[in-house]
2 protein chains.
Amino acid sequence: MSAIIRFMNYEQLLRERDLKVTPQRLGILTLMHQSGHISIEDLYEKISRQFSSISLATLYKNVHAMIETALVKEVKIPSMKSKYELIKAPHAHLLCTQCGSFEDVSVPMEQIEAMLPHGVHFKTTESSLVFSGICETCQKG
Amino acid sequence: MSAIIRFMNYEQLLRERDLKVTPQRLGILTLMHQSGHISIEDLYEKISRQFSSISLATLYKNVHAMIETALVKEVKIPSMKSKYELIKAPHAHLLCTQCGSFEDVSVPMEQIEAMLPHGVHFKTTESSLVFSGICETCQKG
DNA sequence: AGCTAAGTGAGAAAAGTTATCCTTAAAAAC
DNA sequence: GTTTTTAAGGATAACTTTTCTCACTTAGCT
């Protein structure tokens, strides 16, 4: 797959948000996609391999620009640093407190949002759900 | 209600965890109880009124000691600084993205934990759920 | 190709958190 | 109740993380 085709989608996503398409941004988006969710630290380490002179400031600025334009989402995780992921269908996360693995899990968020007690008139627009526990691998090990 | 009776409970909670009972710690616990959940910043501002010379280091050290001994919990909140609360029965939180209000809501966490897809063998020990949206007051206003 | 606005990079600055070290106070021992 | 022991508090320095500034470069229009 050529670089042009591979990046096409991200270019469009950036343009739709009036964000200029730069190699750094394409790299950030590609890394987020590849890893699923990634911390700033890891992102910097990985992107520095491609753009050895990239500045941390650039990274922060871009990640925030992408959050503000609803391209990326910050996932806050109990007892861990935040990770960032491309916005996709609503889902929850599993955090293994033993090995630290962190992954997406498909959960009917709408149903969960319907579980607020009657009498609570809160209009939910989004919800964040992280299950902490022991992953299958660690249970076996 | 005398200070002795009021603090009795916290003293015991501290002693059970081999944490020395100090006025600063009692103050921290009291403030957490009163506010429900509070950020480090607010906690420092409020506790400084009682103990004008308290150090930020003391605050951080104590909050961490209390987290490690399962007396207090850090609540990570999308697009906000963490808040800290006394550990109590499992519950979720409501965050109003308009006025910033943040409150507890009673939700059957066990039921939610049972909603993981079949085939996902994850042993959940705890889960964190925050609903973001518009609170009742803001909907009316 | 040239213009303009936005983005990048380097470093400084600011915020937020943790570590060090000495003093003080709580709990245990007597 | 006094002494002894040990943990905790406070001040400050050191880190870590994030944001800001500004000169320079590049993307996207014309």
Side-chain angles (χ1 to χ4, degrees), chain A residues 3-4 7-8 10-29 31 38-45 47-69 71-72 74-84, chain B residues 3-4 7-8 10-31 38-69 71-72 74-84:
Chain A
I4 288 170
F7 285 147
M8 193 86 94
Y10 296 141
E11 291 194 14
Q12 196 180 329
L13 291 173
L14 289 168
R15 289 217 178 85
E16 283 167 4
R17 290 163 174 77
D18 293 314
L19 297 175
K20 283 190 180 174
V21 176
T22 67
Q24 290 88 341
R25 285 178 174 166
L26 295 175
I28 289 171
L29 291 171
L31 284 173
I38 189 166
S39 67
I40 287 280
E41 203 182 354
D42 289 355
L43 191 48
Y44 185 60
E45 195 252 311
I47 197 137
S48 292
R49 293 185 203 156
Q50 295 170 57
F51 304 94
S52 57
S53 73
I54 198 172
S55 165
L56 253 179
T58 299
L59 197 52
Y60 277 106
K61 278 185 287 193
N62 280 330
V63 169
H64 285 144
M66 291 171 183
I67 288 173
E68 275 158 25
T69 55
L71 185 48
V72 163
E74 176 176 6
V75 186
K76 296 217 178 185
I77 312 171
S79 66
M80 278 201 144
K81 288 190 183 135
S82 291
K83 291 182 189 276
Y84 299 84
Chain B
I4 289 171
F7 286 147
M8 193 85 95
Y10 297 141
E11 292 194 14
Q12 196 180 329
L13 291 172
L14 289 168
R15 288 218 177 83
E16 283 166 5
R17 290 162 174 79
D18 294 314
L19 297 175
K20 284 188 181 176
V21 177
T22 67
Q24 289 87 343
R25 284 177 175 167
L26 295 175
I28 290 171
L29 291 171
T30 303
L31 283 173
I38 189 165
S39 67
I40 287 280
E41 204 181 353
D42 289 354
L43 192 47
Y44 184 61
E45 195 252 310
K46 288 197 174 146
I47 197 134
S48 293
R49 293 185 202 155
Q50 295 170 57
F51 304 95
S52 57
S53 72
I54 198 171
S55 166
L56 250 180
T58 299
L59 197 52
Y60 278 106
K61 279 185 286 193
N62 280 329
V63 169
H64 285 142
M66 290 171 184
I67 288 173
E68 275 158 25
T69 55
L71 185 50
V72 164
E74 177 176 6
V75 186
K76 296 218 177 181
I77 313 171
S79 65
M80 276 201 145
K81 289 189 184 135
S82 292
K83 290 182 189 276
Y84 300 85

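Just so we're clear, the structure is a prediction, and the values are computed from it rather than from any experiment. Convention: sequence-line order gives letters A, B, ...; per-chain numbering from 1.
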Heavy-atom donor-acceptor pair, A:R25 side chain to A:N62 backbone, under 3.5 Å:
no

OP1 or OP2 of C:dG7 less than 4.0 angstrom from a side-chain nitrogen or oxygen of A:T58, does that happen here?
no

With heavy atoms under 4.0 Å as the rule, sort B:S53 into base, sugar-phosphate or nothing.
sugar-phosphate

In whole angstrom, what separates A:L59's CG from D:dT17's P?
13 Å

How close or far is atom P of C:dA15 from atom NZ of B:K81, stated in whole angstroms?
9 Å

D:dT19, OP1 or OP2 - any side-chain N/O from A:H64 closer than 4.0 Å?
yes

When you measure only distances, ignoring hydrogens and angles, does the side chain of B:K20 come within 3.5 Å of the base of C:dA25 through a donor and an acceptor?
no

Could you check whether any side-chain N or O of B:T69 sits under 3.5 Å from a backbone N or O of B:A65, counting only pairs where one atom can act as donor and the other as acceptor?
yes

Give the rounded distance in Å between these two atoms: OH of A:Y10 and P of D:dA27.
20 Å

In terms of side-chain heavy atoms of B:Q24, which of D:dG9, C:dT8, C:dA10 is nearest?
D:dG9

Taking the nucleotide of DNA chain C with the nearest heavy atom to each, does A:R25 or B:L19 sit closer to the 5' end?
A:R25

Euclidean distance, atom OH of residue A:Y84 to atom P of D:dT17 [Å, nearest integer]:
12 Å

A:L56 atom CG is separated from C:dA12 atom P, nearest whole Å, by 15 Å

Taking the side chain as C-beta and beyond, is there a heavy-atom pair between B:V63 and B:M66 under 4.5 Å?
no

Check whether the side chains of B:E74 and B:S82 place a donor and an acceptor atom closer than 3.5 Å, and report yes or no.
yes

So what does B:I40 hit on the nucleic acid, given a heavy-atom distance under 4.0 Å: a base, only sugar-phosphate, or nothing?
nothing

So, does B:Y60 get its side chain near the phosphate of C:dT17, meaning an N or O under 4.0 Å from OP1 or OP2?
yes

Would you please confirm or rule out a distance under 4.0 Å between OP1 or OP2 of D:dG28 and any side-chain N or O of A:R15?
yes

Please report the distance, rounded to the nearest Å, between CD1 in B:I47 and C1' in D:dA8.
14 Å

Indicate yes or no: at least one non-hydrogen side-chain atom of A:Y10 is less than 4.5 angstrom from one of A:L71.
no

Is the phosphate of C:dG7 approached by A:N62 (side-chain N or O, under 4.0 Å from OP1 or OP2)?
no

A:I54 CD1 to D:dT26 P, straight-line distance once rounded to whole Å
14 Å

Please work out if A:E41 contacts a base, only the sugar-phosphate, or nothing of the nucleic acid, heavy-atom cut-off 4.0 Å.
nothing

Would you mind reading off the distance between A:Q12 atom CD and D:dG28 atom C1', rounded to a whole angstrom?
17 Å

Hey, which of these two, B:S55 or B:V21, hits DNA chain C nearer its 5' end, going by closest nucleotide?
B:S55

